[in-house]
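Take a look at the structure below.
Just the heavy atoms: all of them, side chains too, but no hydrogens, waters or symmetry mates, feed the values below.
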Amino acid sequence: MTSASELRSGKTHRDENFPVASWIIHPRHRELILAFYNFVRTADDIADHAMLDAPTKLSYLDLLEAELLGRGETQAEAVALRKALAARGMPPRHALDLLTAFRMDVTKLRYEDWDEVIHYCRYSAMPVGRFMLDVHGESTSTWPASDALCAGLQINNHLQDCGKDYRNLNRVYLPRDALDAVGAKVDELGLLKSSPALLKCLQDLAVRTDVLLGQGRPLAAEVKDFRLGLEVSVIQSFADRIVAMLKVRDPLSERVHLKPAEFLFATIGAIGSEVARRTFGRGPVSKPAPRA
């Protein structure tokens with residue numbers, strides 16, 4: 001069996017829509033965060049691999065899980081994360097949740113409604129935020145806001161990549177009932193430009209995602225760790241800018257990603273705002289996240 005490492009897409013933590021183990025985070029946390037990222041990226045790339053059939057993908061995911069739990073030493077990313085977690089006395093629960101999502105990616109190609117998408121996010125996105133909070137010793141009371149922010153980030157990504165996901169993987173995260181409500185068809189995702197009906201569906205979902213991101217906005221004020229608070233503010237800023245584009249642009253034919261200069265300005269603005277907020281007050285508490 002080929003090592004899972006050899007199936008990586010080449011994407012790294014520097015290619016994501018949000019910072020991963022950036023300079024903002026304290027150096028003592030970066031090794032663990034990068035071990036977590038590399039494990040997750042490897043599993044994600046397997047689930048998305050264009051040349052592997054479903055049974056093979058599931059076998060690799062099972063192997064990664066087994067070695068994460070201590071049954072084997074052949075998969076570098078699993079062994080590295082297992083050791084990094086053990087050094088901090090942390091369980092692998094969040095990585096195991098993500099493996100559940102990647103198995104869903106292999107076996108579930110359509111979603112009926114918004115609740116099904118949020119259920120997917122419970123395993124594909126929310127564990128990432130919860131992991132970061134656990135790494136920093138934050139209270140589980142911060143989870144609802146984190147869950148909302150992470151789900152919003154995930155759905156932003158679904159909307160950005162809806163055409164590519166359909167063409168390359170026949171995978172559609174747009175809820176079937178949302179498409180039906182405006183008379184859009186799944187196969188329109190293969191076009192170079194959205195039809196008016198599909199564009200309305202996409203932009204309606206972006207509006208709904210914006211509400212979700214709003215429920216996550218109090219997170220930066222809730223976390224106690226100063227550096228993590230800055231990181232959360234930066235991530236929130238990126239997400240807000242992306243969803244603003246998605247509400248008015250067509251992801252099949254227009255740019256809906258931030259340029260490097262936009263990343264820089266968003267980072268500087270978010271850090272400045274969060275430093276000022278922490279200087280003058282704690283800010284609001286979170287609202288419950290939907291169906292976590």
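Atom CD of Glu31 has 12 or fewer heavy atoms from other residues, nucleotides or ligands within 6.0 Å.
Aromatic pair His158/Tyr120: centroids less than 6.0 angstrom apart.
Side-chain atoms of Glu67 do not come within 3.5 Å of backbone N or O of Ala78 as any donor-acceptor pair. When atom types are taken as modelled, the side chain of Glu138 and the backbone of Asp225 share a donor-acceptor pair closer than 3.5 angstrom. Within the 3.5 Å criterion, the main-chain N or O of Ile25 finds a donor-acceptor partner in the side chain of Arg30. Side chain of Arg227 to backbone of Ile24: a donor-acceptor contact under 3.5 angstrom is found. Within the 3.5 Å criterion, the main-chain N or O of Pro251 finds no donor-acceptor partner in the side chain of Arg249.
Of the charged side-chain nitrogens involved, at least one lies within less than 4.0 Å of a carboxylate oxygen, so that Glu274 and Arg277 count as a salt-bridged pair. Ion pair Asp62/Arg103 flagged as a salt bridge, since at least one NZ, NE, NH1 or NH2 atom sits closer than 4.0 Å to an Asp/Glu carboxylate oxygen.
Across every non-hydrogen atom of Arg122 and Asp97, the tightest pair is NH1-OD2, 3.2 Å. Contact record, Cys162 with Leu189: SG-CD2, 3.8 Å, taken as the closest heavy-atom pair. Between Leu205 and Ala178, the shortest heavy-atom distance links the atoms CD2-CB, 4.2 Å. Across all non-hydrogen atoms, the minimal contact from Val232 to Ala220 is CG1-N, 3.7 Å. Considering all non-hydrogen atoms of both residues, Gly152 and Thr209 come closest at O-CG2, 3.5 Å. Nearest heavy-atom pair, Gln154 versus Ser124, reported as atom, atom and distance to 0.1 Å: OE1-OG, 2.9 Å.
Judged as a side chain to side chain contact (heavy atoms under 4.5 Å, CB included), and not counting sequence neighbours, the contacts of Arg88 are His29, Leu32, Met90, Val135. Residues forming a salt bridge (charged side-chain N to carboxylate O under 4.0 Å, His left out) with Asp48 (at least two apart in sequence, or on another chain): Arg171. By the salt bridge (charged side-chain N to carboxylate O under 4.0 Å, His left out) test, Arg71 is found to be paired with no residue, residues two or more places apart in sequence or in another chain being considered. For Ala206, the side chain to side chain contact (heavy atoms under 4.5 Å, CB included) test picks out Leu159, Val243, Leu246, Lys247, with sequence neighbours left out. Every residue two or more places apart in sequence or in another chain was checked for a side-chain hydrogen bond (donor to acceptor under 3.5 Å, both in side chains) with Asn168, and none qualifies. The side chain to side chain contact (heavy atoms under 4.5 Å, CB included) search around Ser237 returns Arg241, Ala266, Ala270, not counting sequence neighbours.
Between Arg208 and Ile155 the shortest side-chain heavy-atom distance does not fall below 4.5 Å. For the pair Tyr37 and Val40, the minimum side-chain heavy-atom distance is 4.5 Å or more. The shortest distance between side-chain heavy atoms of Leu219 and Val223 falls below 4.5 Å. No side-chain heavy atom of Tyr123 sits under 4.5 Å from any side-chain heavy atom of Leu98. With contacts defined as side-chain heavy-atom distances shorter than 4.5 Å, the pair Leu192/Leu252 does not qualify. Side-chain contact between Tyr60 and Thr56: present, with at least one pair of heavy atoms (C-beta onward) separated by less than 4.5 Å. Between Lys193 and Leu199, the closest side-chain pair of non-hydrogen atoms is not below 4.5 Å. In this structure, Asp147 and Arg130 have side chains that are in contact, with non-hydrogen atoms separated by less than 4.5 Å.
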* **Steps toward side-chain contact (heavy atoms from CB on, under 4.5 Å) verdict (Arg41, Asp45)** => CA-CA 6 Å; Arg41 170 48 53 201; Asp45 286 346; 2.8 Å; yes

* **Check against side-chain contact (heavy atoms from CB on, under 4.5 Å), Asp177 and Trp114** => CA-CA 8 Å; Asp177 66 351; Trp114 181 262; 5.9 Å; no

* When you look at Phe102 and Ile46, which way does the side-chain contact (heavy atoms from CB on, under 4.5 Å) test go after all the steps? -> CA-CA 8 Å; Phe102 299 138; Ile46 288 169; over 6 Å; no

* Asked: Can Glu222 and Thr142 be said to form a side chain to side chain donor-acceptor pair (under 3.5 Å), step by step?
  -> CA-CA 6 Å; Glu222 295 183 350; Thr142 60; 5.6 Å; no

* Phe238 and Thr267: CA distance, side-chain angles, deciding distance, side-chain contact (heavy atoms from CB on, under 4.5 Å) verdict -> CA-CA 8 Å; Phe238 290 173; Thr267 299; 3.3 Å; yes

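Of the N and O atoms on the side chains of Asp134 and His94, at least one donor lies less than 3.5 Å from an acceptor on the other residue. Between the side chains of Asp105 and Tyr173, at least one donor N or O lies within less than 3.5 Å of an accepting N or O. Asn156 and Gln160 share no donor-acceptor pair across their side chains, judged by distance under 3.5 Å alone. For the residue pair Ser194/Glu188, the side-chain donor-acceptor check at 3.5 Å is not satisfied.
Tyr111 and Val207 sit in two unconnected hydrophobic clusters of ILVMFWY residues. Membership requires side-chain heavy atoms under 4.5 Å apart, directly or through other members. Residues Val211 and Ile118 do not share a hydrophobic cluster, clusters being chains of Ile/Leu/Val/Met/Phe/Trp/Tyr side chains in contact below 4.5 Å. In terms of hydrophobic clustering, with Ile, Leu, Val, Met, Phe, Trp and Tyr side chains grouped at heavy-atom distances under 4.5 Å, Val256 and Leu191 are assigned to different clusters. Leu69 and Phe131 fall within the same hydrophobic cluster, defined by Ile, Leu, Val, Met, Phe, Trp and Tyr side-chain heavy atoms under 4.5 Å apart, directly or through other members. When the side chains of ILVMFWY residues are joined at heavy-atom separations under 4.5 Å, either directly or via intervening members, Trp143 and Ile33 end up in a single hydrophobic cluster.
Between the NE2 atom in His257 and the CZ atom in Phe263 there is a gap of 8.5 Å [rounded to 0.5 Å]. Going from atom CD of Glu77 over to atom CZ of Phe39 covers 9.0 Å, rounded to the nearest 0.5 Å. Remark: Asp165 CG to Leu174 CG distance equals 9.0 Å, nearest 0.5 Å. The distance from atom CG of Leu198 to atom CG of Asp250, rounded to the nearest 0.5 Å, is 7.0 Å. Between Met245 atom CE and Asp240 atom CG the span is 11.5 Å, to the nearest 0.5 Å. With rounding to the nearest 0.5 angstrom, the NZ atom of Lys108 is 8.0 Å from the NE2 atom of His119.
Judged by a 6.0 Å distance limit and a 45° cone about the ring axis, Lys164 is not positioned over the six-membered ring of Tyr166.
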